[in-house]
Peer 1: 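The structure under discussion is supplied below as structure tokens; questions concerning it will follow.
To find a chain, count down the sequence lines: A is the first, B the second, and so on, and within it residues start at 1. Given the structure is predicted, the values throughout are model-derived calculations rather than measurements.
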Amino acid sequence: MLLIPCPYCGPRPELEFRHAGEAHVVRDPSLSSDAAWGAFLYARSNTRGVIAERWRHASGCGRFFNCLRDTVSDNILQTYKTGEPRPDLALDAATRRQLGDVAPDQSVAATEAAR
Amino acid sequence: MQFSLLNLIRQSFSANQGWTEQWRSPAEPKPAYDAIIIGGGGHGLATAYYMAAEHGMTNIAVVEKGWIGGGNTGRNTTIIRSNYLWEESEALYNHAMGLWQDLSHALNYNVMYSPRGCMMLAHNTHDVQVFKRHVHANRLFGIDNQWLSPEEAKDVCPILDISKNMRYPIVGASLQRRGGVARHDAVAWGYARAASALGVDILQKCEVKGIRRDASGAVSGVDTSRGPISTKKIGVVAAGNTSTVLGMAGVRLPLESFPLQALVSEPIKPLMPCVVMSNTIHAYMSQSDKGELVIGAGTDAYISYSQTGGLHIATHTLDAICELFPMVRRLRMLRNWGGIVDVTPDRSPIIGKTPVPGLFINCGWGTGGFKATPGSGHVFAHQVATGEPNRISAPFSLDRFVSGRLIDEAAAAAVAH
Amino acid sequence: MAEASTVLRRLSPLATQNTVSIGFLPPMTRITLRGEPDAARRVGEVFRAELSPDPLRANAAGARAALWLGPDEWLLLAPEQAGLAASIEAACDREHGCVIDVSHRQVGIEVRGTAGATVLNAGCPLNLDLKAFPVGMCTRTVLAKADIVLWRREPELFHVECWRSFAPYVLGVLKQASRDCGF
Amino acid sequence: MNAPFRTPTGGRVDRGATRRFSFDGRSYDGLAGDTLASALLSHGVHLVGRSFKYHRPRGFLAAGSEEPNALTSVNRGGGRVTPNLRMTQVELYDGMEARSQNHWPSLAFDVGAVNGLMSPIFAAGFYYKTFMGPKFMRGPGLWAKLFEPAIRRAAGLGVAADEGDPDVYANRFVHCDVLVVGAGPAGIAAALAAGRAGKQIILCDEGAELGGALLAEPKLEIEGRPAAAWLAATLRDLAAMPNVTALPRTQAFGYYGHNLVALAERLTDHLPGVDTTVPRERMWQVRAAEVVLATGAIERPLVFPGNDRPGVMLAEAGRVFLNRYGVKAGSRAVVATAHDSAYRVALDLQAAGVTIAAIVDLRERPTGPLVEQARGAGLRIVTGGTVMGTKGHWRVSEATVAHVSGDHVTDLQRIPCDLLLMSGGWTPSIHLFSQSRGVIAYDTATEMFIPGKAVQAQRSAGSCRGLFGFADVLADGYAAGLDAAGAAGGDAPALGDKAFAVRGDDAYGPGGFSGALPISGDGARAKAFVDFQNDVTAKDIKLATREGFRSIEHIKRYTTTGMATDQGKTSNLNALAIAAKALNEPVPAVGLTTFRQPFTPVTFGTFAGMSRGQMFDPVRQTPIHDWAAAHGAEFEDVSLWKRAHYFPEPGEDMHAAVDRECRRTRESAGLFDASTLGKIEVAGPDAAEFLNRLYPNSWTKLGVGRCRYGLMLNEAGFIMDDGVVGRLAPDRFHVTTTTGGAPRVLNHMEDYLQTEFPDLKVWLTSTTDQWAVIAVQGPRARDILLPLIDDVDMSAAAMPHMAIRLGHICGVPMRLFRVSFTGELGFEVNVPADYGRAVWEAIWSEGRAYDAVAYGTEAMHVLRAEKGYIIVGQDTDGTMTPDDVGLGGMVAKQKPDFVGMRSLTRPFLTGEGRKQLVGLLPDDDAIVLDEGAQIVDRAEVPNGTHALGHVTSSYRSGVVGRSIALAVVERGRSRMGETLFIPMPGGSIPAKIVSPVFYDPQGERLNG
Ligand SMILES: Cc1cc2nc3c(=O)[nH]c(=O)nc-3n(C[C@H](O)[C@H](O)[C@H](O)COP(=O)(O)OP(=O)(O)OC[C@H]3O[C@@H](n4cnc5c(N)ncnc54)[C@H](O)[C@@H]3O)c2cc1C
Ligand SMILES: NC(=O)c1ccc[n+]([C@@H]2O[C@H](COP(=O)([O-])OP(=O)(O)OC[C@H]3O[C@@H](n4cnc5c(N)ncnc54)[C@H](O)[C@@H]3O)[C@@H](O)[C@H]2O)c1
Ligand SMILES: Cc1cc2nc3c(=O)[nH]c(=O)nc-3n(C[C@H](O)[C@H](O)[C@H](O)COP(=O)(O)O)c2cc1C
Ligand SMILES: [Zn+2]
């Protein structure tokens, strides 16, 4: 059970939270390409390493917020409010090692997978 | 050496000194293969076996970063059934069901497929509607799945509590008699042995770290922890790690990897004759041949590659199990572990091409792919060998996430596996 | 033999002669304010208890109290009083917030006694040590499988709020916990 | 008392307190403070169980929680049957009834023992190679019908209870500054240090008493006092500290993420009688700022042929039985060892009058104080010695020992004995450390796996990190306690390290052995056990490696070594060493298998805690629930709610009741408790714009005092919920949702509001529980309500269909909706929940005059189906769009954006052949179709026939006078009048596609 630092309430047990998927997936209903829209709906980075994800402090202050977590160690590096940009964690080599060989976030362009 | 009772007895006279390796373990990979399968789980090994056995491709290798069967194949609760809702799923899972029937003979390896019945409990009107819909759809497809009254359910599984005053009374159940379990490790080992016998190299402790592509963008090889290997065709069957492997080729997939936990009790004398699942209160249980109760828990809520999970998942599972089976409350948990399952938005697998020529994927089996192992390997072998899907796997291609033509087993049924 | 440990157990702070009493509170007027800090300030003036801008703080003024539940959410509690919600609503600038009477949505439960925190901890995962959860702290949290609002009014007095349809469950959990804690 | 192996004095048992008990039906007596194991041993009982596979006779191997053999089932009556308990942990109480397990017909004569004769065939993995049946018999028949059932019957250990467990279980979440796991010298010293530093401490130990190794040290002195006295005084000191909580009988079983450690406390199993007011076990979920692991070490058996015979025991266990329980485990002992610690055992036993026939030391030249003492005491020491085998039927009677030189074995001699104590040295208990994901290190000097780098806020102390002298261990524990206290933060008094003066402790020299002892011959037929419970022998492990199972994980799974209820506590190291030798690889390269929770098995009930029965999940009831119950309602579960399903009158079944409820509602009026519907107040200057973005329909033009039906889509464009939305004020809406969907919808709205549309000034408040909702439906609805409402003009002109008014009913504030889910004139009365019942009763009594009924959810379903109104989740399934259900017209064409809009334009959602909602009339009007039944276009259905759709709702309709159904069918709206088929086991049922509106198609009755 994780201990998640809510940006409003401080560290609280995972039982109070609801996970809400990857963060910073930009919603643009004007996208004309079905592939691009499909990628928005479904494609996820699913990073092995540090990931930006959303949580809601559902049984708490009710706020959605973002969280940088290492999906290998499950360590939480930072939480920040919705709307704020993803913090640039200039991790030193030692921290990276401790977090387990952190793969850079694959910010690959939306897959044209379909064709 | 052929596996048989006769050979067992013969070997027992020579103190079992005559048995040899069940599959070859080449010290080093060859510099090039006609195809490489990434992932030595049941699906990957089955793929290689059918490629060799049915498509004559024997210059191929299965590349496994750890030990074969050490992924979800070695961690799953082994429930086998094919009573899915949509025709595409019915065809796929029932294809596997057909192959299970005689798999032990086909592989000359006792995979202990045990069709002891898989029962799914209905607790409310909605469950009844959903399960009956399955029963009817399955009948049309020729899949055995029957509707049971609570009393009939109790006849099949006498330890069920069907009293009306429970918090979640059992109002009925569906039963697939051919559903059941199999010995997970044996499935991996049996396919490995049979594939190896046909010439397939099984490379363990060999992690794929990069995918090489030629000027046209097509696959040209892989970089592994044991050096580069050339190939023109790659089948990725890496379950929870699929996104990571595809990331090496710059492809983002509709997948998220979650920890899924399971646990076993201490062994006890036979108590449960069949598999029982309750999706409404999130519990499922069967008993292994050794006597442990094998219990599946839910997924954790977040992406993780840690093969563990939270305590609250186990507590929620066990309160449900004790609720359904009050006599197990005093039994004890022996071991609790996790696997990493790759979940798609529609809870159906992705089988087919990727945007990268020569790179194929078979993934997204999520919480329920063990049952499909033979079928999945069989259809994917066709895909990798011929470059094209077959009739059964065609609907499971990646482009459904563009068109919206999902095969949404979750939406229709809220069934997790 | 086993005595040393038994004695130790008995002397340990969680197992002294603890007491707890648990019961429903009488009906109350309950108002939620969802809105911006400005609205909260204005409402506080009418309600005559400040709506804390600081997180997790409850301000009591006599029998009234205003509980911070989120950066844009406060719960106001007062003895039953017709028209209170209306007057507060009137005071609230609707451009910046929204006041709703939820008197009947919730039920209050009082947990009193030296063992109160221990009993709550049977189902609530928060650290209820007086230092970590001091008097005047309040929050929404969970109790077993229900959501509650928890407010420590005195060192040994907790006010629990839950939705009315969850109240039998919440009370049941607390009662059972008080038995399981041996009180 | 006649317990021939009990010493006259000594031990921690209470010699004045006899405890009578029975084992396999025979009565014995023991003493307070005994375990079942020590009590049986005091009577010379060694044969206590049968092994898993070969059913070999087994006795006690250990004295603690690592015991693999001696499992028992304790029956306290009435569902209180607990199988597979380790006798070494079962505390004796008066009247205990215990039984041995896994044999038939009895422990002494077990038919299953024939398996032992077949053991060459039953080698590791044999079952993968056979039992498949002859090739010509396709399918799993023979395996599933013949072999598997036989194997299943033979396998398994104890037997589960055949009724429910009446005992209760509890849970407690706690936080502390320092959690100390293990209360041996290291843990106690750690707790002392951290306690003195003023931190909140929890100290737990799985044992019945705190003290660990100190409980079996009669000669040791600490700080000038006998160890027992020091222990007692120190525990008193700890007890006096209000900041220390000490928990005996409490195992730390799981080390989870973010420093959450789970403990399982046993509260009543050691007590006679049954006290249901106290929980049997309690789970502690401890979130600790800092953790000290002081879990000690476990002795390693030696692997030699016949090492599993009753009477062959871990050396230290012999010492614990003697020093802690006052029991001699035998009268003539051979001690086989590769480590100094067994010398201390030999000395203690000799002093107690046990003949030490020989110490057989694998080492060529053992030295050190203990060895010298043994020599001084005249003990015979066979150096460079090994054990070649044992004899004895139900108990060891002889050991064959020999000298090893190189690979050869010479000087065989047979030494009679009734006890064989063995020690391969010590294995630090790094289970929890490893669970915490700490990195394990291998110490080549001592050949031990020890904790390496910790990754959580945690440190190890004492024997669990490879320290063995008491002085070292105490100092190490103290230092760890201080370190933890410091790391826990806050201010702590500066305490210095502490040295503990210790006398009577003898340093160990180097030593220890893992793997199989050398024996003569190739050992191919020797039964030298590695995993005792699962009957895994050294040759099984070698066989596995020969067959290509090279990873230790494969070896584990192929041989099942380490997979028994002891999880390899005594066997993993030996298995690893044997495998490493066979593979010709160094031990650390082969590595350990994964440590997993629980440390020792934990009761399911402890996990479930109080979630059980009616407390398993909250039961939500409406304010009108009790009225319905008093009026005979049957209830159904809908999400967490109980809803009145129907109200049978005497003699009525469900169909009759529903028929009457529907009929009366259409003829006169019916009352329906709709309180469970989700309600959300959406308020703020941008409320209408917010709804525009959340729903496909348009809200801007909805007037105040009006309401409208809304479909809610998810981002993929599929229907997720529906409900009526009313406009209370320009900036305020009352939104309703389905009963089950309420939490999901609110979360969905908050999500978009907070993340996608933070520019909007809108606030959401759930009011589901605030309002009791009474639907009054039927031509008489207005007549019934009129007398109760005087501040709302309810006339058709003043309050048309889909209007809302605020007012009062029976003097109570009310939100009155004129809406209909039945197709009749209808109102929904919302009143604050506390008034719900009284208002319901008032309406009810008005309704008497019109013979109105109360109707339940079943009648509600029928009434709405007659009108073709959908139920989300029944007529839709997460794959349906608004157009699919015939509500495409609701989707605003001009809006720039709403949730789901972009997805609706995807090819598959706009394509041909989508399934559409239609009505369905079976040709035979008496047939009520099965909900979920499939629909095809032909009467004959070969396997694999494509289904065009399925029946979503199906009822007998009184008002239509026949059965009716709703269905979703491919291109359904273009098939009006077509006959399709519903294949059923008894043949296909023809049915005609019709409009889904069966009753009052013009909707005239709404205008009543
Ligand atoms: C707890 C649990 C319970 C389950 N219960 C059931 C059930 O009851 N019924 C059911 O049908 N299904 C169940 N499943 C799901 C089922 O286990 C999986 O769907 C199935 O086993 C997947 O098989 P696989 O061969 O695709 O994957 P895996 O067995 O996981 O194999 C993938 C392999 O790829 C390897 N790999 C990954 N990355 C690389 C790389 N870069 N280089 C080389 N190799 C790599 C991995 O090491 C792994 O061995 C369960 C799963 C879990 C975790
Ligand atoms: N069994 C032994 O380790 C043993 C035997 C003889 C002498 N000694 C000596 O005793 C000293 C060792 O002291 P120590 O304090 O390190 O070890 P210890 O064995 O004295 O204490 C460890 C304690 O931890 C408990 N424990 C282990 N795992 C647990 C868990 N998961 N949950 C709860 N409790 C758990 C055990 O019951 C035991 O009481 C050394 O001087 C050593 O030479 C040890
Ligand atoms: C069906 C099934 C039955 C199992 N039975 C046992 C068992 O009897 N004893 C045991 O120790 N582990 C058992 N396990 C769990 C394995 O020991 C192991 O935990 C699991 O394969 C995951 O691997 P890991 O824990 O090494 O990561 C079983 C696993 C499965 C999938
Ligand atoms: Zn918060």
Side-chain angles (χ1 to χ4, degrees), chain A residues 1-27 29 50-89 98-99, chain C residues 32-37 40 51-58 66-75 97-98 100 102 105-106 120-129 131-134 136-152 160-163 166 169-170 173:
Chain A
M1 202 201 337
L2 308 178
L3 192 63
I4 303 172
C6 171
Y8 303 91
C9 306
R12 303 282 281 252
E14 185 189 335
L15 293 176
E16 292 182 348
F17 296 84
R18 182 197 296 246
H19 188 71
E22 182 167 354
H24 308 297
V25 181
V26 179
R27 176 178 183 275
V50 177
I51 191 172
E53 63 189 358
R54 307 191 311 130
W55 289 88
R56 181 179 184 212
H57 194 189
S59 302
C61 65
R63 304 308 294 181
F64 283 82
F65 60 90
N66 297 327
C67 173
L68 292 185
R69 184 173 53 85
D70 175 29
T71 59
V72 177
S73 66
D74 290 336
N75 285 339
I76 291 174
L77 298 124
Q78 193 171 333
T79 52
Y80 53 104
K81 293 179 182 170
T82 298
E84 292 176 3
R86 176 177 173 152
D88 188 9
L89 285 185
Q98 192 194 335
L99 293 171
Chain C
T32 73
L33 167 69
R34 296 213 60 178
E36 297 163 7
L51 275 57
S52 165
D54 300 328
L56 308 172
R57 295 294 310 167
L67 283 62
W68 183 100
L69 293 185
D72 63 352
E73 181 178 4
W74 289 262
L75 174 66
C98 150
I100 294 181
V102 290
R105 181 178 77 173
Q106 284 165 212
L120 283 159
N121 272 142
C124 173
L126 297 183
N127 185 356
L128 300 181
D129 183 87
K131 283 201 286 297
F133 201 101
M137 180 159 167
C138 65
T139 183
R140 198 182 282 120
T141 180
V142 295
L143 183 79
K145 296 181 180 175
D147 276 7
I148 58 168
V149 168
L150 185 64
W151 165 33
R152 185 175 226 145
V160 175
E161 288 274 320
C162 65
W163 288 7
F166 286 91
Y169 174 81
V170 168
V173 167

Peer 1: Checking heavy atoms, do the side chain of C:Leu56, its backbone, both or neither come under 4.5 Å from chain A?
Peer 2: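 For C:Leu56, the contact with chain A is made by the side chain alone.
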Peer 1: Among A:Ser59, A:Cys61, A:Gly62, A:Ala58, which has the most heavy-atom pairs under 4.5 Å with chain C?
Peer 2: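 Looking at each of A:Ser59, A:Cys61, A:Gly62, A:Ala58 in turn, A:Ser59 comes out on top.
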Peer 1: Under the rule for side chain to side chain contact (heavy atoms under 4.5 Å, CB included), what residues qualify as partners of A:Pro11, not counting sequence neighbours?
Peer 2: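 Checked A:Pro11 against side chain to side chain contact (heavy atoms under 4.5 Å, CB included); matches are A:Leu3.
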Peer 1: Give me the contact list for residues 137-147 of chain C versus chain A, heavy atoms only, anything under 4.5 Å, ordered by residue number.
Peer 2: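 Against chain A, the residues of residues 137-147 of chain C that fall inside the cut-off (heavy atoms, under 4.5 Å) are C:Thr139, C:Arg140, C:Thr141, C:Val142, C:Asp147.
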Peer 1: Under a 4.5 Å cutoff for heavy-atom pairs, which residue among C:Gly70, C:Pro71, C:Pro125, C:Pro55 has the most contacts with chain A?
Peer 2: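 Among the listed options, the one with the most contacts to chain A is C:Pro71.
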Peer 1: C:Asn127 versus chain A, heavy atoms under 4.5 Å apart: side chain, backbone, both or neither?
Peer 2: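 Neither part.
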